[in-house]
Amino acid sequence: MPTTLTLRPPADYLLSRDVCSYGYFVLAPNLWHVPTQTLYRMLDLAGGPAAVRISPPFKPGEPRTYEPLPRGATRIEGKPAPSVRDGRGVFPHKPGAALTCRFDRTLTREEQAEARVQITRMLRLDEDADHAAGFHAVDPRWAPSGHCRLFRSPTFFEDVVKTVTSCNVAWPSTVNMNLRLCEVLGRRGAFPTPQKLARTRPGTLRARCRVGYRDRRMVELARLFCPRAGKPPEVNEAYLADQATPDDEVFKFLKTLPGIGPYAAGNIMMLLGRYSRLAIDTESIRHGKTILGMKGTDGAITKRLARHYEPFGEHRFRSYWFELWTFYEDRNQRANTWVRDEVAKAFTAAKF
DNA sequence: GGTAGACCTGGACGC
DNA sequence: GCGTCCAGGTCTACC
């Protein structure tokens, strides 16, 4: 019998808001199903891949069976998206509602524990209501909407690779690269494991996944996540995620990784739960110019942005990000109504 | 330490 | 339909 797990999120948790809070929710293998406000994806577990559907509790009378997506499907036809009349407050379920995680196969006890860890990481269920209150105390602008959590991947490796696919490329290419990585290298469409990517020939990555010159860097990066000659992986996730490790040390280490520069390192810091740094890219410059009214060269605006977000201290990234995210939502409706293949083309700096 | 140019892909544009 | 140009962040060579 297929496994169903119930996860108790923090009291202020809203699936539609907290999943649709960062661009990675539209990158494969994630699939946000707009009509049912449900997240689908494939998780790679010890016993093999398992598809999971994460949703608020189902109402009495609703079908209890798992409804797999057709292979290759990118969307499901259904009812129109819920009303977005809310002006950043109303969603189709209540804050703190238990999350139902339905799998397409039976999971062993070990796999259930593994799945809980991965889903908790992805949804940031470890950032409780007190954590959110800490952010809102520093930046009260986001208290009414409750924005605080930023969606990420079930594994650190996936977050790092996704960040590399977002560098020096327009958003549609990032969407495409992730789709192909999952289709070509992932088991049943899951995100490829470090071991699989480390064994892949750069030429295959370039030709079939369209990653371009990133091919060798991605293979080298994957190798750093794999144990070698009985030694632990060079990338020590526990050390990097440990809040006792200084931000400066983490940032310095990340920049030594292949394909990771200042922007990518800043972004990965956020994905590790470290919000004290910005990740400055062309979108940041555009934001500085068009929304914050900054003038001057890109270098000058970068310095002004640093000064502008200084007052938000340990929460700089989130204060910056939700300004940017609100800008996107004002022009493209609420993020929980976005369909992957449609936003793939709309979601670029040049379009705004 | 700072900077110029190469690295690829895919969208936009002109013909 | 084809060719050309351009955006995007990192890396390397060079000053």
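Chain letters run A, B, ... following the sequence lines, proteins first, then strands; residues in each count from 1.
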Chemist: Mind checking if Asp215(A) touches a base, just sugar-phosphate, or nothing, with heavy atoms under 4.0 Å?
Modeler: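 Since no nucleic acid heavy atom lies under 4.0 Å of Asp215(A), the category is nothing.
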
Chemist: Quick one: sort the Trp321(A) and Phe317(A) rings into parallel, tilted or perpendicular, breaks at 30° and 60°.
Modeler: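 Parallel: the ring planes of Trp321(A) and Phe317(A) meet at under 30°.
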
Chemist: Quick one: Arg214(A) CZ to dG8(C) P, roughly how many Å, whole number?
Modeler: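 Result: 13 Å.
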
Chemist: I need the CG-P distance between Asn267(A) and dG8(C), as an integer number of Å.
Modeler: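 Taking atom P of dG8(C) as the reference, CG of Asn267(A) is at 16 Å.
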
Chemist: Using OP1 and OP2 only, check whether a side-chain N or O of Thr282(A) sits under 4.0 Å from dG9(C).
Modeler: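 Result: yes.
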
Chemist: Do Phe225(A) and Thr155(A) touch side chain to side chain, with heavy atoms closer than 4.5 Å?
Modeler: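 Side chain of Phe225(A) against side chain of Thr155(A), heavy atoms only: no contact under 4.5 Å found.
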
Chemist: Does a salt bridge link Arg208(A) with Glu183(A), judged by any charged N lying under 4.0 Å from a carboxylate O?
Modeler: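 Looking at Arg208(A) and Glu183(A), the cut-off is not met.
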
Chemist: Kindly work out whether a path of hydrophobic side-chain contacts (I/L/V/M/F/W/Y, heavy atoms less than 4.5 Å apart) joins Ile119(A) to Phe156(A).
Modeler: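 Looking at the clustering, Phe156(A) is in a separate group from Ile119(A).
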
Chemist: Which residue pairs pass the ring pair (Phe, Tyr, Trp, His ring centres under 6.0 Å) test when at least one of the two sits in residues 234-287 of chain A, sequence neighbours left out?
Modeler: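 Matches after skipping sequence neighbours: none remain.
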
Chemist: CG of Leu205(A) versus C1' of dC8(B): gap in Å, rounded?
Modeler: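 After rounding, the gap between these two atoms is 14 Å.
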
Chemist: State whether Arg149(A) and Asp12(A) are salt-bridged, where the test is any N-O pair (Lys NZ or Arg NE/NH1/NH2 against Asp/Glu carboxylate O) under 4.0 Å.
Modeler: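 So Arg149(A) pairs with Asp12(A) through a salt bridge.
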
Chemist: Within the structure, does a side-chain N or O atom of Arg210(A) lie under 4.0 Å from either OP1 or OP2 of dG10(B)?
Modeler: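 So the side chain of Arg210(A) is within the cut-off, an N or O lying under 4.0 Å from OP1 or OP2 of dG10(B).
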
Chemist: Is Glu158(A) paired with Lys162(A) through a side-chain N to carboxylate O contact shorter than 4.0 Å?
Modeler: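 Result for this pair is yes, salt bridge flagged.
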
Chemist: Please list, for nucleotides 2-6 of chain C, all pairs of protein and nucleotide N/O atoms separated by less than 3.5 Å.
Modeler:
none

Chemist: Restricting to non-hydrogen atoms, name the atom on Thr163(A) and the atom on Tyr24(A) that form the minimum distance, rounded to 0.1 Å.
Modeler: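 Smallest heavy-atom distance, with atoms named: OG1-OH, 2.8 Å.
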
Chemist: All N/O contacts under 3.5 Å from nucleotides 10-12 of chain C to the protein, with atom names and distances to one decimal?
Modeler:
unit_1	atom_1	unit_2	atom_2	d
dT10(C)	OP1	Gly261(A)	N	3.0
dT10(C)	OP1	Gly261(A)	O	3.4
dT10(C)	OP1	Tyr263(A)	N	3.4
dT10(C)	OP1	Ala264(A)	N	2.9
dT10(C)	OP2	Tyr263(A)	N	3.4
dC11(C)	OP1	Gly259(A)	N	2.5
dC11(C)	OP1	Ile260(A)	N	3.3
dC11(C)	OP2	Ile260(A)	O	3.2

Chemist: Provide, to the nearest angstrom, the distance between the CG atom belonging to Asp298(A) and the C1' atom belonging to dG8(C).
Modeler: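 The distance from CG of Asp298(A) to C1' of dG8(C) comes to 12 Å, rounded to the nearest Å.
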
Chemist: Assess whether a salt bridge exists between Asp159(A) and Arg152(A), defined as any Lys/Arg side-chain N lying under 4.0 Å from an Asp/Glu carboxylate O.
Modeler: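 Judged by the 4.0 Å cut-off on N to carboxylate O distance, Asp159(A) and Arg152(A) do not form a salt bridge.
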
Chemist: Let me know the distance between CG of Asn176(A) and C1' of dG11(B), rounded to the nearest Å.
Modeler: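 One finds 12 Å between C1' of dG11(B) and CG of Asn176(A), rounded.
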
